[in-house]
Amino acid sequence: MFKVSKRTLLLIAGIVWLAAGGNIAWLGIQAFAQINMSYVWAIILGAVVVFTLFHMKIFSKMVGKHSNRIAAYEDNKIGFWRFFDASGYIMMAIMMSGGISLRAFGLVPMWFIAFFYTGLGIALALSGVSFLVRFARRSGTPATCPFSFLTLSREKE
């Protein structure tokens with residue numbers, strides 16, 4: 001009843017990751033309005049660093065891992081919730097509860113929320129786009145992310 005094709009799992013993953021990333025980035029962007037603008041360039045630089053680290057070291061690898069796992073399912077129809085595996089859901093729960101706690105209890109200053117959430121959210125949203133590109137490609141071959149040029153150049157060596 002709640003089963004979908006492997007390809008549709010990529011669509012679901014893309015929508016979920018894009019929506020989550022967009023929401024997190026929006027929280028970071030809203031935090032920019034609440035900080036001292038005299039050091040906004042340092043905050044923007046921090047967001048770029050967070051984006052780069054999360055995108056290249058974590059999320060782009062997770063997209064590949066989850067896409068390969070989805071492609072390896074033997075059944076043609078799979079439960080729609082299986083776009084993540086158990087460890088993916090655990091990671092999501094830890095990140096969500098950690099992020100909510102940071103903001104709710106005021107554990108970090110607003111400038112931290114501004115750079116960290118913006119960089120993290122954009123990296124997560126780009127991963128959602130990567131899932132959507134994989135969904136859109138009929139051949140099933142992954143599309144190379146334009147921000148992965150450093151990783152790709154090291155793999156060729």
### Task
Mark yes or no for whether Tyr117, through its side chain, and Gly99, through its backbone, hold a donor-acceptor pair below 3.5 Å.
yes
### Parallel, tilted or perpendicular: rings of Trp17 and Phe131 (30°, 60°)
perpendicular
### Query
Can the ring centroids of His66 and Phe84 be said to lie less than 6.0 angstrom from one another?
yes
### Task
Please say which of Val4, Leu132, Ile70 ends up in a side chain to side chain contact (heavy atoms under 4.5 Å, CB included) with Leu10.
Ile70
### Query
How about Asn23 and Leu27: do any of their side-chain heavy atoms sit closer than 4.5 Å?
no
### Task
Evaluate whether atom CH2 of Trp81 has more than 12 neighbouring non-hydrogen atoms of other residues, nucleotides or ligands under 6.0 angstrom away.
yes
### Message
Please determine whether the number of non-hydrogen atoms from other residues, nucleotides or ligands lying under 6.0 Å from atom CG of Asn76 exceeds 12.
### Response
no
### Query
Applying the 4.5 Å side-chain criterion to the ILVMFWY set and letting contacts propagate, would Met95 and Phe105 be lumped into a single cluster?
yes
#### Entry: Nearest heavy-atom neighbours spanning Ser60 and Ser127
N-OG, 4.3 Å
### Message
Please tell me whether Ile100 and Tyr89 are part of a single hydrophobic cluster in this structure, the criterion being side-chain heavy atoms less than 4.5 Å apart.
### Response
no
### Task
Give a yes or no on whether the backbone of Ile78 and the side-chain of Asp75 come within a donor-acceptor separation of less than 3.5 Å.
no
### Task
For residues Ala31 and Met110, report the shortest heavy-atom separation together with the two atoms involved.
CB-SD, 3.5 Å
### Task
Applying side-chain contact (heavy atoms from CB on, under 4.5 Å), run through Tyr73 and Leu9 and close with a yes or a no.
CA-CA 11 Å; Tyr73 284 140; Leu9 278 181; 3.8 Å; yes
## Note on the structure
Rounded to the nearest 0.5 angstrom, the CZ-OG distance for Phe59 and Ser130 is 11.5 Å
### Message
With clusters defined by side-chain heavy atoms of hydrophobic residues (ILVMFWY) lying less than 4.5 Å apart, directly or transitively, does Ile94 cluster with Leu53?
### Response
no
### Min side-chain heavy-atom separation Phe51-Leu120 under 4.5 Å
no
### Spacing of CD1 belonging to Ile122 relative to CG belonging to Leu126, to within rounding of 0.5 Å
9.5 Å
### Message
Are Ile29 and Leu124 connected into the same hydrophobic cluster when the rule is that any two of I, L, V, M, F, W, Y join if their side-chain heavy atoms are below 4.5 Å apart?
### Response
no
### Side-chain (Thr118) to main-chain (Ala47) donor-acceptor, under 3.5 angstrom
no
### Test log, rule side-chain contact (heavy atoms from CB on, under 4.5 Å), inputs Phe80 and Lys3
CA-CA 6 Å; Phe80 72 90; Lys3 293 187 175 191; over 6 Å; no
### Message
Using side-chain heavy atoms (C-beta onward) and a distance below 4.5 Å, is Leu11 in contact with Phe83?
### Response
no
#### Entry: Nearest atoms (heavy-atom pairs only) where Met56 meets Lys61
O-CE, 3.9 Å
### Message
Side-chain heavy atoms nearer than 4.5 Å, only ILVMFWY residues, links allowed to pass through others: does that put Trp26 and Ile35 together?
### Response
no
### Query
From Ile113 CD1 over to Phe115 CZ, what is the distance, rounded to the nearest 0.5 angstrom?
9.5 Å
### Query
Distance from Arg82 atom CZ to Ile12 atom CD1, nearest 0.5 Å?
12.5 Å
### Query
Less than 4.5 Å apart, any side-chain heavy atom of Trp111 and any of Tyr39?
yes
### Message
To check you understand the geometry: which heavy-atom pair defines the closest contact between Ser87 and Lys65, and what is its length?
### Response
OG-NZ, 3.5 Å
### Heavy atoms of other groups near Met92 CE, more than 12 under 6.0 Å
yes
### Task
Indicate the atoms forming the closest heavy-atom contact of Ala114 with Ile43, along with that distance.
CB-CG2, 3.9 Å
### Query
When rounded to the nearest 0.5 angstrom, what distance separates NZ in Lys6 from CD in Glu74?
8.5 Å
### Message
Within the 4.5 Å heavy-atom criterion, are Phe54 and Phe116 side-chain neighbours or not?
### Response
yes
